[in-house]
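Before any comments, here is the structure.
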Amino acid sequence: MVVAPTRAEALSLFRSLLRTARQFSDYNIREYTRRRAADAFRENRALGDVAAVAAAFADGKKLLEVAKRQVVVYSLYAPKAKSIMEMKLQ
């Protein structure tokens with residue numbers, strides 16, 4: 001029997017994905033990860049089948065682990081210059 005995650009677990013996963021996205025040093029990667037997480041949760045909002053919800057939650061957990069590993073890899077090869085989107089007008 002498949003057990004669907006609770007609302008609190010889903011929100012916790014979403015917040016974890018956003019926190020992980022904030023750790024990317026590159027603006028483009030950071031924004032892409034944030035946008036992709038929000039889009040995935042928006043797409044799966046209407047899932048009604050318990051098995052589909054559990055599968056989407058499991059996929060989200062796997063993607064969170066991948067994103068955490070990628071943060072480490074990207075931090076090793078971080079660009080020296082900031083993106084134009086990150087520069088403040090002076």
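Classification of Asp39 and Arg36 as a salt-bridged pair fails, no side-chain N sitting under 4.0 Å from a carboxylate O.
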Before giving the answer on side chain to side chain contact (heavy atoms under 4.5 Å, CB included), spell out for Asn44 and Phe57 the whole-Å C-alpha distance, their side-chain angles and the decisive distance to 0.1 Å. CA-CA 9 Å; Asn44 293 326; Phe57 185 76; over 6 Å; no
Given side chain to side chain contact (heavy atoms under 4.5 Å, CB included), test Lys68 with Glu65 step by step and report yes or no. CA-CA 5 Å; Lys68 285 180 178 180; Glu65 295 306 316; 4.2 Å; yes
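Across Pro5 and Val53, no two heavy atoms sit closer than the pair CD-CG1, 3.7 Å. Between Leu64 and Leu13 the shortest heavy-atom distance is CD2-CD1, 3.9 Å.
Interatomic distance, CG of Leu17 versus CZ of Arg22, reported as 11.5 Å (0.5 Å rounding). Here Arg69 contributes atom CZ and Thr20 contributes atom OG1; the two are 12.0 Å apart, rounded to the nearest 0.5 Å. Rounding to the nearest 0.5 angstrom, the gap separating the OG atom in Ser75 from the CD atom in Gln70 is 10.5 Å.
A side-chain donor-acceptor contact under 3.5 Å links Glu9 to the backbone of Thr6. Side chain of Thr33 to main chain of Ile29: a donor-acceptor pair is present (N/O by atom type, distance under 3.5 Å, no hydrogens or angles). Remark: side-chain polar atoms of Arg30 are paired, donor with acceptor, to backbone N or O of Phe24 under 3.5 angstrom.
Leu63 and Phe14 are not part of a single hydrophobic cluster, where members link through side-chain heavy atoms under 4.5 Å apart.
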